[in-house]
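Step one of this worksheet: look at the structure below.
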Amino acid sequence: MALRVYNSLTRQKEEFTPINPKKVGMYVCGVTVYDLSHIGHARCYIAFDIVYRYLKYLGNDVTYVRNFTDIDDKIIRRSQETERPHGELTETFIQAFHEDMEALGVLPPDEEPRCTAYIPQMVTFIQELIDEGFAYAAENGDVYYRVNRFEGYGKLSGKRLEDLLDGARVEVNSVKESPADFVLWKAAKPGEPEWDSPWGKGRPGWHIECSVMSSHNLGETIDIHAGGKDLIFPHHENEIAQSEAHNHKPFANYWLHNGFVNVPDEHGEATKMSKSLGNFFTIRDVLAAFHPQTVKFFMMSTHYRNDVLFAEKGLEEAEKRLIYFYETMKKARAFVEETKELGQVIQPESIESVETAFRQAMDDDFNTQRAFGQLSAVFKKLNDLINKPKASEANRAATTQALLEKLATVANVLGVFDLDPERFLRDIQLRQLRDLTITADEIDEQIILRKQARDNKDWAKSDEIRDALLAQGILLKDGPEGTTWTVKA
RNA sequence: GGCACCGUGGCCAAGUGGUAAGGCAGAGGUCUGCAAAAUCUCCAUCACCGGUUCGACUCCGGUCGGUGCCUCCA
């Protein structure tokens, strides 16, 4: 078995071969910290968190670098609007981003470089591009990349330079040699944050940051470079142009891009999130409404390269499914604990096949949806073991235990259903209760009263309590281990 | 206009040359004091038209429909 990944550069799935065996360097473009992060960011960093985890699971020593863009036009504007120093502003949102990622169970990368810490390196890099004729300083203090000097321009996005020029708006009084040229260094206007450079005070352009931080942290050629698909052009195209012109070697061997998170419009059709339309969800908004695992599981229920429609129905479906997974694990765990002595595992090879199937799915470009499909069969099997006395209880319990252990391995790679089931289910209940006036203790009281009535076969009284709870939004479920409850949808 | 991508059951969503994973919803059965839950069973020929092939949802060409990028964007 070998891992195959879809490479945006070649537009096909390829076997993944790192430059150094078992040692992988990956760089994912991070956020610009001028505001709270949205669910599109969540999708991206969840997707590549899985990539990170899976590569490690396969035995690779992975160095994962994800930057923070902590200086750019939007930051400056926001800083001026709010009259806060830009450093303080970005610090706030870096912290918020960390909180969001932690809530989502996204592992921290190995390095999180901030571009303001690399300005001298960027200046050097730009100067070297100028020296080689790949860039030029304009009279206003800006420095531009000379796109037509770089032969491979457009190889990632599939765009041809002449097409770009056709489509480009004619910029009046542009200091650029060509409309396709992009900025490497921006001259500072009065009052803006500024750094020294041979071309005057200014700040780096967006694209140069990633080229420099990538090579400084991971070397001139890296294995994986990833980000949202909206970054393919111009950001990643420009990174390639900068880095390959500068280093004379390939910049990244594999380019991975995740799909968008869309939101429903008034007709339920997918539409792009945008602040102007007010259809924008921050990670915080969403986590207030749904459990982080629900959000994560939902995101992973579509292949990372496809767009996903962030609709309430889908989230609710995901949550329902996740509850089923956790409830099954809880029951399975209880079954094992109740069994005094564990016997022989029934069909040990079927236990191993769980992980084999998982790897087959994940080896195919991190196909989480397929992995979940296969795991459904495992949960069915657990139910079977718990409920159907086909074999001795001791053997069934042993098999259940073995499956649970295998599941834990897989859960750890996926970062889903890796929480304690009791705790997850309790968290879900408490979240659901927030919208109701009744408390968990009050419900438990009523359940005890109802049990007394039921023990006395006082069905009228029992049903009365049940109906009363239902009227308050609480749905009772009578199981072998007693009565549990959920909030009515 | 240029460049990419997509079109699988009521809905979500895998598969991509050998005759359609999984989930939600729905129908029926079991269980239950009755419910609910759980559990079991059932439920598609893959937008359309041509072509290649022994054989195509899967490859090629075309048609129709949808989306993204080309301006800041995960």
Side-chain angles (χ1 to χ4, degrees), chain A residues 8 11 13 28-32 34-35 37-48 66 69 72-74 77 154 156-160 162-169 180 206 226-235 237 257-262 268-275 297-298 301-309 311 313-325 327-328 331 357 361 364 367-377 379-380 383-384 386-388 454 457-460 462-463 466-467 470 474-480 483-486 488:
Chain A
S8 303
R11 290 188 196 92
K13 279 185 199 168
V28 176
C29 291
V31 286
T32 299
Y34 72 104
D35 205 346
S37 299
H38 55 69
I39 48 173
H41 297 116
R43 172 98 193 273
C44 176
Y45 303 119
I46 287 170
F48 298 119
R66 186 183 62 204
T69 295
D72 94 319
D73 292 353
K74 291 191 294 292
R77 201 187 324 131
L156 177 66
S157 58
K159 294 179 192 304
R160 291 179 307 168
E162 50 265 40
D163 295 335
L164 286 170
L165 295 178
D166 279 352
R169 286 181 217 134
W206 178 35
K229 70 176 182 180
D230 50 338
L231 297 186
I232 292 173
F233 190 89
H235 187 52
E237 194 68 67
H257 293 100
N258 64 279
F260 288 133
V261 176
N262 293 315
E269 298 296 322
T271 180
K272 210 179 149 171
M273 289 191 296
S274 79
K275 295 206 165 171
F297 181 63
F298 171 75
S301 64
T302 300
H303 185 93
Y304 79 89
R305 268 191 291 117
N306 295 140
D307 290 352
V308 61
L309 181 63
K313 189 185 169 202
L315 270 299
E316 281 165 4
E317 236 177 62
E319 186 150 285
K320 209 182 286 184
R321 192 64 186 153
L322 210 45
I323 289 170
Y324 164 79
F325 284 153
E327 275 180 344
T328 304
K331 283 189 278 187
D364 188 11
N367 197 327
T368 49
Q369 164 65 346
R370 201 149 93 213
F372 287 133
Q374 282 156 346
L375 287 171
S376 284
F379 285 94
K380 255 184 189 165
N383 270 308
D384 231 36
I386 300 164
N387 299 320
K388 292 191 184 165
R454 293 182 75 209
K457 300 209 187 294
D458 184 353
W459 308 126
S462 160
D463 290 352
R466 186 171 65 197
D467 292 344
L470 189 62
I474 302 300
L475 202 62
L476 295 186
K477 299 189 284 186
D478 296 324
T483 300
T484 56
W485 56 269
T486 56
K488 188 170 173 290

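Closest-nucleotide positions on RNA chain B for Ser376(A) and Lys229(A) were compared, and the one nearer the 5' end corresponds to Ser376(A). Comparing Asp364(A) and Ala371(A) by the nucleotide of RNA chain B that holds the closest heavy atom to each, the one mapping nearer the 5' end is Asp364(A).
Using C1' as the reference atom, C60(B) and G17(B) are 13 Å apart when rounded to the nearest Å. For the C1' atom pair drawn from G66(B) and U71(B), the interatomic distance equals 23 Å after rounding to whole Å.
Using a 4.0 Å heavy-atom distance criterion, Phe260(A) is classed as a base contact. Among the heavy atoms of the strands lying under 4.0 Å from Lys272(A) is at least one base atom, whether or not backbone atoms are also near. Heavy atoms of Gly228(A) sit under 4.0 angstrom from primed sugar atoms or phosphate atoms, though from no base atom. In this structure, His303(A) reaches the sugar-phosphate backbone alone: every heavy-atom distance under 4.0 Å involves primed, P, OP1 or OP2 atoms, never a base. Looking at heavy-atom distances under 4.0 Å, Arg321(A) makes contact with sugar-phosphate atoms alone, never a base. Contact annotation for Gly259(A): base contact, defined as any heavy-atom pair under 4.0 Å involving a base atom. Using a 4.0 Å heavy-atom distance criterion, Lys159(A) is classed as a base contact. Nucleic acid contact for Val28(A): none, since no nucleic acid atom lies under 4.0 Å from a heavy atom of the residue. Contacts of Gly314(A) with the nucleic acid, taken as non-hydrogen atoms under 4.0 Å apart, are absent.
For Asp73(A) and U71(B), the CG to C1' distance is 12 Å, given to the nearest whole Å. Atom-to-atom, CZ of Arg160(A) to C1' of G1(B) comes out at 12 Å; the value is rounded to the nearest Å. Between the CD atom of Gln369(A) and the C1' atom of G15(B) there is a distance of 11 Å, given to the nearest Å. Regarding Phe298(A), its CZ atom lies at a distance of 16 Å from the P atom of C11(B), rounded to whole Å. At whole-Å resolution of the value, CZ in Arg370(A) and P in A20(B) are 17 Å apart. Rounded to whole Å, the distance from CD on Glu269(A) to P on G7(B) is 16 Å. The distance from atom NZ of Lys313(A) to atom P of G10(B) is 12 Å, rounded to the nearest whole Å. Per the geometry, CG belonging to Asp384(A) stands 16 Å off P belonging to A38(B), to the nearest Å.
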*Starting at the 5' end of nucleotides 27-35 of chain B, put B wherever the base has a protein heavy atom under 4.0 Å, S where only the sugar-phosphate does, and a dash everywhere else.*
------BBB

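You won't find any donor-acceptor pair under 3.5 Å spanning the side chain of Glu327(A) and the base of A37(B), going by distance alone.
Side-chain atoms of Asp364(A) never come within 3.5 Å of backbone atoms of Asn367(A) as a donor-acceptor pair (strictly under, hydrogens ignored).
Considering every non-hydrogen atom in both Leu231(A) and Cys29(A), the closest pair reads CD1-CB, 3.7 Å.
Distances shown here put a side-chain N or O of Asn306(A) below 4.0 Å from the OP1 or OP2 atom of A14(B). Checking the phosphate oxygens (OP1, OP2) of G15(B), a side-chain nitrogen or oxygen of Asn367(A) falls inside 4.0 Å. A close approach under 4.0 Å does not occur between any side-chain nitrogen or oxygen of Trp485(A) and OP1 or OP2 of A36(B). At the phosphate of U39(B), OP1 or OP2 sits under 4.0 Å from a side-chain N or O atom of Asn383(A).
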*Would Lys74(A) and Asp35(A) count as a salt bridge (Lys or Arg N to Asp or Glu O under 4.0 Å) if you check the C-alpha gap in whole Å, the side-chain angles of each, and the deciding distance to 0.1 Å?*
CA-CA 9 Å; Lys74(A) 291 191 294 292; Asp35(A) 205 346; over 6 Å; no

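In this structure, Arg66(A) forms a cation-pi arrangement with Tyr45(A), its terminal cationic atom sitting closer than 6.0 Å to the ring centre and no more than 45° off the ring axis.
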